[in-house]
Amino acid sequence: MISNISCVKTYLKSRNIDSMIVLGESNIYFLSSLDCPGILIITEDENVFLTYDQYVGYAKGIIKIADQINVETLNDIQDIVKYFQNSNRIGIEAKYMSLADYNLTSKILDAEMVDVSGIIENLREIKDEEQITIMKDISEILVSIMKKVKGKLQKGISEYEIREYIKNSIRNYTLEALDIVVHFGKNTSSRIKSYTN
């Protein structure tokens, strides 16, 4: 199976881009399974995740040999320079960079910065068999949780109690819910409709 990083490298090569700095947390996670602060550097020769000293051991424990990602300590912006010595054009996710960071990075690296925002998000939209299986498993878990919620719905229970029950049930499966909204009452549907219009 072709790795997600290999797909990114193929895209970069097609645009004559030598390397890339990945900053988006969800994009780093998609490419590496890493969920700690840091930046992912993709070059023709190597892939490196730079993170703060306290996360290095944790990150090394997650990375598999097949991922072909080295984990190094990030102390200063200068730590990234050595990875781009042979790069004339560097792909960046501009939407995750402030103007000050962009100016500093382009000055330090002395290379053309090319905005490639969206390429990893586009890859994330296309699901492979393993991802589809995971999504189906999670769907079954959520259906099971909501069936239990149905039994909790009794007179006097609050929206907060239901929301917390759902969040805690999800956490029991080592999953994380980003946002859960629970509304009761006769105006619930009109309130929700107004949020989505």
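Only heavy atoms go into these numbers, but all of them, side chains included; no hydrogens, no water, no symmetry mates.
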Exercise. What residues, two or more places apart in sequence or in another chain, satisfy side chain to side chain contact (heavy atoms under 4.5 Å, CB included) together with Leu104?
Worked result: Ile77, Ile108
For this session: Search all heavy atoms of Ile28 against all heavy atoms of Gly38 and return the closest pair with its distance.
Result: CD1-O, 3.4 Å
For this session: Please tell me if the side chains of Leu109 and Val81 come closer than 4.5 Å, counting only heavy atoms from C-beta onward.
Result: yes
Validation: residues 145-156 side-chain donor-acceptor distances under 3.5 Å, sequence neighbours left out:
from   : atom 1 : to     : atom 2 : distance (Å)
Gln154 : NE2    : Gly151 : O      : 3.4

Exercise. Could you walk me through whether Ile119 and Arg15 pass the side-chain contact (heavy atoms from CB on, under 4.5 Å) check?
Worked result: CA-CA 12 Å; Ile119 66 160; Arg15 291 194 55 192; 5.6 Å; no
Problem set entry | Closest heavy-atom pair and its distance - Ile21, Ile39 | CG2-CD1, 4.4 Å
For this session: Would you mind listing every salt bridge (charged side-chain N to carboxylate O under 4.0 Å, His left out) that reaches into residues 92-115, with sequence neighbours excluded?
Result: Arg89-Glu112, Lys95-Glu121
Problem set entry | Side-chain heavy-atom pair Ile5, Ile42 within 4.5 angstrom cut-off | yes
Exercise. Can you name the nearest heavy-atom pair linking Ile63 to Ile69, along with the distance?
Worked result: CG2-O, 3.5 Å
Exercise. Where do Ser19 and Ile17 come nearest, in terms of heavy atoms and distance?
Worked result: O-CG2, 3.2 Å
Problem set entry | Sub-4.5 Å side-chain heavy-atom contact between Thr105 and Ile92 | no
Exercise. Looking at side-chain heavy atoms only, is the closest gap between Glu72 and Tyr83 below 4.5 Å?
Worked result: yes
For this session: Provide the closest heavy-atom pair for Ile80 versus Phe84 in the form atom of the first, atom of the second, distance.
Result: O-CD1, 3.1 Å
Exercise. According to a 4.5 Å side-chain heavy-atom criterion applied to Ile, Leu, Val, Met, Phe, Trp and Tyr, with indirect links allowed, do Val56 and Tyr29 form part of one hydrophobic cluster?
Worked result: no
Kindly list each side-chain donor-acceptor pair under 3.5 angstrom involving residues 137-144, sequence neighbours excluded, with atom names and distances?
from   : atom 1 : to     : atom 2 : distance (Å)
Ser139 : OG     : Met135 : O      : 2.9

For this session: Supply the atom-to-atom distance Ser6 OG to Gln68 CD, rounded to the nearest 0.5 angstrom.
Result: 7.5 Å
Problem set entry | Results of side chain to side chain contact (heavy atoms under 4.5 Å, CB included) for Asn103 - residues two or more places apart only | Leu99
For this session: Sorted by first residue and then second, give each side chain to side chain donor-acceptor pair (under 3.5 Å) pair with at least one member in residues 41-56; sequence neighbours left out.
Result: Lys9-Asn47
For this session: Mind listing the closest non-hydrogen atom pair of Ala59 and Cys36 along with its distance?
Result: CB-SG, 4.2 Å
Exercise. More than 12 heavy atoms of other residues, nucleotides or ligands under 6.0 Å from CG of Asp35: is that the case?
Worked result: yes
Exercise. Say you draw a straight line from CZ of Phe49 to NZ of Lys60; how long is it, rounded to the nearest 0.5 Å?
Worked result: 12.5 Å
